[in-house]
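Note that ligands are numbered from 1 as they come in the structure, with each ligand's atoms numbered from 1 the same way.
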Amino acid sequence: MSTVIHMAAGEEPGEPEIFCSIQGEGITAGERRIFLRLSGCNLACSWCDTAYTWNWQGTPFRHERDRPGAPHKFSRRKEVIKTTTDEVARKALAYSAPGFVITGGEPLLQRLAVADLIRKLRAARPDAFVEIETNGTIDPGSTLWPLVDQFNVSPKLAHSGMPASKALKPSVLRAFNTFKNAWFKFVARNGADITAIEALAARLGLDRKRLLVMPEGTDSKLLQARLDQLRPICQARGLILSDRLHIHAFGNRRGI
Ligand code: SF4
C-alpha cells in the first residue's frame, strides 16, 4: 500500500525535490546523501531559506526577503507536489549514496508518511543511513523513532521571529535528548545567541556534547564572516561549530 505524501517542488516542473549531494550541515557534513524535501512547516522563520515549502501567497507571514509591494511569497499550487511514498522512493532510489536526508519544511508534520517512506527505502537499501532534519517541535512518535539513524534537531531562537511558545517545546526537545544520535543544531548570528543556546540547553538538560552552532546566512561571504565571529566563542566554550558547505559550494539554490 502506498501513502500520500506532500513534497516540495524541485527544479524540474512538476517534479519533487529529490537530489543527490553532500550533507552541508551538522555532524555528518561532507557525507554523500540523497535528499528528499517535504512541503509544509508549522513555523515561519523570517530568514528561512526554504520558504517555498510554506510561505504561501495570501498568508500573513513576514520574511526578511519581503520588499515593498513584493512579499516573499510562493504559489502553493506550484510548490506542493502531492504524490505517493512509492513514487518518492522509486525516484530517490535511482540515486546512489550511503544515506538519505529527509528534510523540509518540517517533515514530522507527515510522520506516518515519512515512516512508510523510510520502510520502502530500507527495503531496497537496508544498510542506508537515514537522517531527518527537524525543527524539534513535533515528537516523531513510536513508529518513527526506531526507523531513523540520526535526527538533526534545529530549535529556533528569538531571531527567527518565532515566539518561544511556538518554537521551543521542552517535552519534545527532552525526548530528542534521550535519543543518543539526536544532534541539536542551533542557528546563530552572534555571541549573544550562543549564550541563549547554552541557557536553553542547561534549562532543558540537553547533552552539551551534542550541541552544534551554525551561522545563519545564505551567501558564502556572510557565512564566513559569522564563522569567524562564532569560532573563538565555540572553541572557548567547547561547542561544535558547523558550517553550511553547500552554500559555499553551490550558493543558495534548490536541488543542491
Ligand atoms: S522551521 Fe525550518 S523550514 Fe520551517 S520556517 Fe523555520 S527554517 Fe524554515
Side-chain angles (χ1 to χ4, degrees), residues 5-10 16-19 21 23-26 29 33 35-66 71-76 79-81 101-111 113-114 131-140 150-170 172-173 175-176 182-189 193 196-197 200 212-219 222-223 226 242-247 252-256:
I5 189 165
H6 295 87
M7 301 292 293
E17 189 175 346
I18 300 171
F19 58 96
S21 187
Q23 171 62 288
E25 304 173 356
R33 294 282 184 262
F35 289 78
L36 306 95
R37 190 176 307 285
L38 276 63
S39 193
C41 191
N42 56 339
L43 299 183
C45 304
S46 62
W47 39 254
C48 178
D49 60 357
T50 52
Y52 56 94
T53 64
W54 57 267
N55 199 4
W56 314 129
Q57 290 159 354
T59 57
F61 305 120
R62 296 269 177 87
H63 194 277
E64 67 179 14
R65 291 200 192 160
D66 292 343
H72 188 61
K73 297 290 179 187
F74 296 86
S75 160
R76 187 173 197 153
E79 300 291 351
V80 181
I81 307 288
V101 177
I102 298 174
T103 187
E106 175 45 64
L108 296 185
L109 286 171
Q110 304 183 68
R111 57 188 183 174
V114 168
E131 302 178 39
I132 289 187
E133 307 269 348
T134 174
N135 60 29
T137 59
I138 299 171
D139 189 297
Q150 178 173 300
F151 284 97
N152 304 317
V153 184
S154 186
K156 299 301 182 285
L157 302 179
H159 60 68
S160 68
M162 290 284 96
S165 59
K166 200 158 182 205
L168 301 174
K169 300 293 180 189
V172 179
L173 293 172
F176 277 114
W183 295 81
F184 298 94
K185 181 180 68 181
F186 287 89
V187 172
R189 291 177 162 174
D193 291 341
I197 292 164
L200 178 71
L212 293 99
V213 176
M214 184 177 79
E216 189 269 313
T218 52
D219 77 79
L222 177 62
L223 277 183
R226 286 188 169 148
S242 169
D243 203 341
R244 305 192 74 203
L245 300 176
H246 55 301
I247 298 289
N252 186 31
R253 299 181 4 231
R254 290 191 203 197
I256 47 89

Which of the ligand 1 atoms, numbered from 1, are nearer than 4.0 Å to a heavy atom of T50: 3 (S)
Run the numbers for me: atoms of ligand 1, each under 4.0 Å from some heavy atom of N135, listed by number. 1 (S)
Backbone of T218 reached by a side-chain donor or acceptor of W47 within 3.5 Å: no
From K156, H63, E133 - option closest to atom 2 (Fe) of ligand 1 by heavy atom: K156
Are E106 and ligand 1 in contact, using a heavy-atom cut-off of under 4.0 Å? no
Closest approach of F61 and D66, non-hydrogen atoms and distance? O-OD2, 4.3 Å
Assess C48: does it contribute an N, O or S atom lying under 2.8 Å from atom 6 (Fe) of ligand 1? no
Within the 4.0 Å heavy-atom shell around C41, which atoms of ligand 1 are there? 1 (S), 3 (S), 4 (Fe), 5 (S)
T53 and E79: side-chain donor and acceptor closer than 3.5 Å? no
Of all the heavy-atom pairs spanning V153 and G136, show the shortest one and how long it is. CG1-CA, 3.6 Å
For T53, state whether at least one heavy atom is located under 4.0 Å from any atom of ligand 1. no
Kindly say whether N135 contributes a backbone atom to a donor-acceptor pair with the side chain of E106 at under 3.5 angstrom? yes
If the threshold is 4.0 Å, N to carboxylate O, is there a salt bridge linking R254 and E17? no
Within the 4.0 Å heavy-atom shell around G105, which atoms of ligand 1 are there? 3 (S)
Can you establish whether the number of heavy atoms outside R189 located under 6.0 Å from its atom CZ is more than 12? yes
What do we get for C45 next to ligand 1 when only non-hydrogen atoms under 4.0 Å count, side chain, backbone, both or neither? both
